[in-house]
Amino acid sequence: MTTDRVFFLSFFLFSAFCSRAGAGGPGTTGADLLLESFDPRVLALGRAVAAQPADLGAAELNPAALSGMAASEYAFVHQISWTGAGLDRLSFLRRPAKSGVWALSFVRRGLPRVDNGVSNPEEDPPLEAWDAAISVDWGQPGFRARRLGFGLTGGLSRLGTVQSGWGAVGAGIQWDPKPAFTLGFAVRNLGLGPAFGGTKAPLPVHAVGGLSRRLGFRGTQSLSLMGSAGWQRGPGPWAGLGGEWARPGRLKLRAGWRLSAEENLASGPSLGLSFERRLPALRLVFDYAWKPASSGLGALHFNHQIGLHLVMEKTPQAAAIPAVLSPTPEPSSAPAPGVTPAP
């Protein structure tokens with residue numbers, strides 16, 4: 001069975017599991033799934049990845065980040081939250097020979113059932129809600145070395161006994177005005193939101209821009225600094241800063257800080273790390289992000305995200321070595337045995 005078949009079988013089973021296990025979560029009324037960070041690297045860097053090139057996680061803000069990807073990749077992300085919130089993402093990235101890079105992702109977000117404030121929960125039980133979405137992002141180099149990206153997302157949201165579909169599109173661009181210096185800009189979540197009880201819930205439209213700078217640091221080590229700022233319908237304006245120290249092939253350490261106009265769980269510091277293991281034609285990358293969050297009651301809690309990436313690094317095939325034919329022996333000038341050479 002090929003790796004693509006294994007992935008799509010896993011994708012189908014994961015989708016079926018989420019559709020059954022996810023029916024208990026409170027809710028989101030305007031596809032709030034689109035407010036989340038779906039990747040430990042993005043969460044650890046304060047979501048300041050709008051200009052981060054060649055990164056599957058950064059495509060959630062800017063689909064142009066896919067254009068620099070060099071190999072097919074499988075990724076699974078799971079979030080553990082103090083609120084009991086569930087967030088899972090399964091992604092598959094493919095780089096065909098001539099048609100750019102595209103990524104297919106399935107994301108599900110759910111929260112535990114909560115009391116809706118009614119005194120008699122038997123007559124009016126707690127609301128249930130969840131969001132699930134499938135997105136396709138595509139990117140490739142464009143005009144004058146600009147990297148372009150486009151995204152399409154379709155989802156389903158449930159609130160109580162009502163569920164509704166929604167759809168969104170987005171586009172982004174990245175370019176390098178100087179070596180090791182990248183700028184990026186994107187607009188996402190343009191589309192039609194879900195409708196509950198005849199009321200249309202708008203999608204959290206998101207406009208974001210950012211920059212990143214990659215620096216050499218003690219030989220093969222490197223240091224990347226990045227910043228992003230944007231505006232999103234609902235939370236309003238936000239800004240994020242992040243830094244990543246990397247020792248190629250071994251360890252990466254990350255730190256970030258995100259500020260939001262709305263006092264919510266997205267604001268504050270974050271930390272993360274990553275390490276990898278190389279196998280023949282395969283690279284396993286483990287990511288972890290940690291973010292403290294205030295409950296609003298004076299207590300401090302923590303959110304955790306873990307991710308596993310399988311990068312299919314195709315080793316170049318060895319060049320065929322042509323068979324070396326034995327040269328035809330030249331006639332020998334030595335006399336045959338027992339024959340006296342002529343003078």
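Only heavy atoms go into these numbers, but all of them, side chains included; no hydrogens, no water, no symmetry mates.
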Can you give me every donor-acceptor pair (side chain of residues 186-194, partner residue at least two apart or in another chain, under 3.5 Å) with its distance?
unit_1: Arg188; atom_1: NH1; unit_2: Ala59; atom_2: O; d: 2.6
unit_1: Arg188; atom_1: NH1; unit_2: Asp137; atom_2: OD1; d: 3.4
unit_1: Arg188; atom_1: NH2; unit_2: Asp137; atom_2: OD1; d: 2.7
unit_1: Asn189; atom_1: ND2; unit_2: Pro204; atom_2: O; d: 2.9

With no hydrogens and no angle check, is any side-chain donor or acceptor of [X] less than 3.5 Å from a backbone partner on [Y]?
X      : Y      : answer
Ser224 : Arg214 : no
Ser67  : Gly139 : no
Ser270 : Ala44  : yes

Which distance, rounded to the nearest 0.5 Å, do you find between the CZ of Arg146 and the CD1 of Ile173?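 Rounded to the nearest 0.5 Å, the CZ-CD1 separation comes out at 6.0 Å.
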Partner residues of Arg283 under the salt bridge (charged side-chain N to carboxylate O under 4.0 Å, His left out) criterion, sequence neighbours left out: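 Checked Arg283 against salt bridge (charged side-chain N to carboxylate O under 4.0 Å, His left out); matches are Glu276, Glu313.
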The criterion is side chain to side chain contact (heavy atoms under 4.5 Å, CB included); which residues satisfy it with [X], sequence neighbours excluded?
X      : answer
Pro177 : Trp175, Phe181, Leu183
Leu308 : Leu310
Ala54  : Met69
Ala168 : Leu203

Any pair counted as salt bridge (Lys or Arg N to Asp or Glu O under 4.0 Å), so long as it reaches [range], sequence neighbours left out:
range            : answer
residues 62-74   : none
residues 222-240 : none
residues 165-179 : Arg147-Asp176
residues 62-71   : none

Linking Ile, Leu, Val, Met, Phe, Trp and Tyr by side-chain heavy atoms under 4.5 Å, what else ends up with Leu241?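 None; Leu241 is a cluster of one.
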Residue pairs passing the side chain to side chain donor-acceptor pair (under 3.5 Å) test where at least one lies in residues 235-246, sequence neighbours excluded: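 Every side chain to side chain donor-acceptor pair (under 3.5 Å) pair that includes a residue of residues 235-246, provided the two are not neighbours, is Arg41-Glu244, His206-Trp238, Gln221-Trp245, Glu244-Arg254.
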How about [X] and [Y]: does a side-chain donor come under 3.5 Å of a side-chain acceptor?
X      : Y      : answer
Ser157 : Trp166 : yes
His304 : Tyr288 : yes
Ser91  : Arg89  : yes

Heavy atoms only: give me the nearest Ala50-Gly209 pair and the separation to one decimal.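 Here Ala50 and Gly209 meet closest at CB-C, 4.0 Å.
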More than 12 heavy atoms of other residues, nucleotides or ligands under 6.0 Å from CZ of Arg213: yes or no?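 Yes, the 6.0 Å shell around CZ holds more than 12 heavy atoms from other groups.
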Report yes if some heavy atom in the side chain of Phe275 is under 4.5 Å from a heavy atom in the side chain of Asp287; otherwise report no.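 Contact flag for Phe275/Asp287 side chains = no.
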What I'd like to find out is whether the side chain of Gln305 reaches to under 4.5 Å of the side chain of Phe38, using heavy atoms alone.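 Answer no - side chains too far apart.
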I'd like to know whether the aromatic ring centres of Phe150 and Trp102 sit less than 6.0 Å apart in this structure.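 Judged by ring-centre distance (under 6.0 Å), Phe150 and Trp102 do not meet the cut-off.
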